[in-house]
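Take a look at the structure below.
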Amino acid sequence: MITFRWFGPRDPIPLTFIRQIPAVRGIVGALFDIPVGEPWPLERITALREEVERHGMSLSVIESIPVHEDIKLGHSNRSRFVDNYCESVRNMGAAGVPVLCYNFMPVFDWTRTDLARRLDDGSTALAFDDAALAKIDLSRGTADLPGWATAYSADELKTLLDAYRAVNEDKLWENFAYFLERVVPVAASAGVKMALHPDDPPWSIFGLPRIITSGAALERVTTIVDDPANGITFCAGSLAADPNNDLSSIVRRLGAKKRIHFAHCRNIKRTGKRSFQETAHPSEFGDVDMRAVLRALHETGFNGPIRSDHGRMIWDETGQAGYGLHDRALGAMYLHGLWEGTIGGPARGS
């Protein structure tokens, strides 16, 4: 099923517009006003699902219920936040939402250093450059970075970064295992598929550990709790930023285990070492062979939700960087056409 990210009532792109994209039948949504670490109420998730269904689509994925930093840090109070997370997952299942996309990135979610890189065709796109990242002044908090579920003041950010000095990659894996061992059984019982998103970009930033950076790391995740509910979001754009990641191989290995529960199909062009810019979705514009990715997904039996992910700003559109209507709609139709050509039928699935 081709899906589309929607940011709820605050999104300038209404569901009535999304419904008009011929290929899109699923919505990827979330609740954005609940403090990180607090449980998501069943009635709120149900209301979101019903709003989507009134527009002739299904709420296919929640992206995402953020993981509280105290869980990632391994603090003594983490059990309370894990319990709250489990309650949110149970409520997701009770509301009939089948897939949860989430991440375990310390402090910073997906990170870019340019939210409007001018491309040769005049469009603008998200971009990342490690050298530019080194120049960002964190003494202002997260003001110069993309907006995520949590924004931090200068003092809050300093306290958090200081706390992470005691957390290396091994410790982060240990803390992640603690989380998975308690949440995955709840998800399995609730009928929810956990779909971990790779780190974006897939390397350390600001000296913080990042561990979900490769196919091997994703496979390791699935072995921590060996349950079909413990799976991943395959994100082509995130993984492709590191040229050492063989996307088709990653799909085949994880797809053979039936652990790919969600697919983000986005293209990027590497512009240097640890430097890239996002592009139009078709393969010719970047370093992702999208046809090979979709073929590998099909051949391993994937029939879950696919999202066209970020898009450029085109045709003088303005809005939330990476999340305009037009280019993501073009991307959705491109993916639909590729999938239809690959399997000989329309992109319909769970």
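This one's a predicted model, so the numbers in the text were calculated from it and none came from an experiment.
The salt bridge (charged side-chain N to carboxylate O under 4.0 Å, His left out) pairs that include a residue from residues 220-247 are D226-R259, where partners are two or more places apart or lie in different chains. For residues 46-87, the ring pair (Phe, Tyr, Trp, His ring centres under 6.0 Å) pairs, not counting sequence neighbours, are H68-F81, Y85-F179. Pairs engaging residues 41-54 under the side chain to side chain donor-acceptor pair (under 3.5 Å) rule: D33-R44, R49-E53, E51-R54 [sequence neighbours left out].
Residues T233 and A195 approach most closely at OG1-O, 3.0 Å, considering heavy atoms. Of all the heavy atoms in I34 and P41, the pair that sits closest is CD1-CD, 3.6 Å. Taking each heavy atom of I211 and D199 in turn, the nearest pair found is N-OD2, 3.0 Å. Taking both residues in full, the closest heavy atoms of S60 and P305 are given as CB-CB, 4.5 Å, listed atom of the first, atom of the second, then distance. Shown here for A94 and L42, the closest heavy-atom pair between the two residues is CB-CD1, 3.7 Å. When every heavy atom of I2 is checked against every heavy atom of A332, the shortest pair comes out as CG2-CB, 3.8 Å.
F128 pairs by the ring-ring contact (aromatic ring centres under 6.0 Å, His included) definition with W203, F276, not counting sequence neighbours. Qualifying ring-ring contact (aromatic ring centres under 6.0 Å, His included) partners for F285, counting only residues two or more places apart in sequence or in other chains: none. Legend: residues meeting salt bridge (charged side-chain N to carboxylate O under 4.0 Å, His left out) with R274, ordered by chain and number and at least two apart, are absent. For E174, the side chain to side chain donor-acceptor pair (under 3.5 Å) partners two or more places apart in sequence, or in a different chain, are K171. Residues satisfying the salt bridge (charged side-chain N to carboxylate O under 4.0 Å, His left out) criterion with E156, sequence neighbours excluded, are absent altogether. The ring-ring contact (aromatic ring centres under 6.0 Å, His included) search around F176 returns F104, not counting sequence neighbours. Looking at residues two or more places apart in sequence or on another chain, you find no side chain to side chain donor-acceptor pair (under 3.5 Å) involving S64. Partners of F7 by ring-ring contact (aromatic ring centres under 6.0 Å, His included), not counting sequence neighbours, listed by chain and number: F32, Y323.
Within the 3.5 Å criterion, the main-chain N or O of I314 finds no donor-acceptor partner in the side chain of S123. The main-chain N or O of L133 is never found under 3.5 Å from a side-chain atom of T113 such that the two would form a donor-acceptor pair. Between the side chain of R295 and the backbone N or O of R291 there is no donor-acceptor pair closer than 3.5 Å. At distances below 3.5 Å, not a single donor-acceptor pair connects side-chain atoms of S189 with backbone N or O atoms of V186. Judged by distance alone, the side chain of E317 and the main-chain N or O of H326 form a donor-acceptor pair under 3.5 Å. In this structure a side-chain-to-backbone donor-acceptor pair under 3.5 Å is missing from T3 to I27. Although no hydrogens or angles enter the test, the distance criterion places no donor-acceptor pair under 3.5 Å between the side chain of W339 and the main chain of H298.
The line from NZ of K193 to CE of M92 is 11.5 Å long, rounded to the nearest 0.5 Å. Here the straight-line distance linking atom CZ of R328 with atom CD1 of I21 works out to 7.5 Å at 0.5 Å rounding. Remark: F4 CZ to F17 CZ distance equals 11.5 Å, nearest 0.5 Å. Rounding to the nearest 0.5 angstrom, the gap separating the OG atom in S248 from the CG atom in L297 is 9.0 Å. In this structure, CG on L100 lies 10.0 Å from CG on L196, to the nearest 0.5 angstrom. Here the straight-line distance linking atom OG1 of T223 with atom CG of N230 works out to 8.5 Å at 0.5 Å rounding.
Side chains of E169 and S204 form no contact here, defined as non-hydrogen atoms less than 4.5 Å apart. When side chains are defined from C-beta on, W173 counts as touching V221, because their heavy atoms get closer than 4.5 Å. Counting only heavy atoms from C-beta outward, the side chains of S58 and V52 never approach each other to under 4.5 Å. Annotation: side chain of N175 is not in contact with side chain of K72 (no heavy-atom distance under 4.5 Å). Residues V107 and L157 have side chains in contact (heavy-atom distance under 4.5 Å, counting atoms from C-beta outward). Looking at W40 and N91, their side chains never come closer than 4.5 Å, going by heavy atoms from C-beta outward. In this structure the side chain of L218 reaches within 4.5 angstrom of the side chain of I212, judged on heavy atoms. Between R112 and H310, the closest side-chain pair of non-hydrogen atoms falls below 4.5 Å.
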May I have the list of side-chain donor-acceptor pairs in residues 260-268 shorter than 3.5 Å, sequence neighbours left out?
residue : atom : partner : partner atom : Å
H261    : NE2  : P228    : O            : 2.8
H264    : ND1  : H197    : NE2          : 3.3
H264    : NE2  : E63     : OE1          : 3.2
H264    : NE2  : R307    : NE           : 3.4
R266    : NE   : D309    : OD2          : 2.8
R266    : NH1  : E278    : OE2          : 3.3
R266    : NH2  : D200    : OD2          : 3.3
R266    : NH2  : S238    : OG           : 3.3
N267    : OD1  : D287    : N            : 3.3
N267    : OD1  : V288    : N            : 3.1
N267    : ND2  : H281    : O            : 3.4
N267    : ND2  : P282    : O            : 2.9

Verdict with supporting geometry, V184 and I224, side-chain contact (heavy atoms from CB on, under 4.5 Å): CA-CA 10 Å; V184 171; I224 292 173; over 6 Å; no
Criterion salt bridge (charged side-chain N to carboxylate O under 4.0 Å, His left out) on D83 and R80, from CA distance to verdict: CA-CA 5 Å; D83 288 345; R80 176 171 71 88; over 6 Å; no
Full working for side-chain contact (heavy atoms from CB on, under 4.5 Å) between F234 and V293: CA-CA 10 Å; F234 173 80; V293 166; 3.6 Å; yes
Criterion side-chain contact (heavy atoms from CB on, under 4.5 Å) on L119 and R117, from CA distance to verdict: CA-CA 6 Å; L119 304 185; R117 169 76 58 84; 4.1 Å; yes
Working for side-chain contact (heavy atoms from CB on, under 4.5 Å), residues D114 and D129: CA-CA 8 Å; D114 191 340; D129 182 81; over 6 Å; no
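Within 6.0 Å of atom NZ in K158, 12 or fewer heavy atoms from other residues, nucleotides or ligands are found, so the atom counts as exposed in its surroundings. Atom CG of D155 sits in a sparse spot, with 12 or fewer heavy atoms from other residues, nucleotides or ligands closer than 6.0 Å.
The aromatic rings of F206 and F108 are tilted relative to each other, their planes meeting at an angle between 30° and 60°.
In the hydrophobic cluster analysis, where Ile, Leu, Val, Met, Phe, Trp and Tyr join through side-chain heavy atoms closer than 4.5 angstrom, M194 is grouped apart from V61. No path of Ile, Leu, Val, Met, Phe, Trp and Tyr side chains, each step under 4.5 Å between heavy atoms, connects M333 with L330, placing them in separate hydrophobic clusters.
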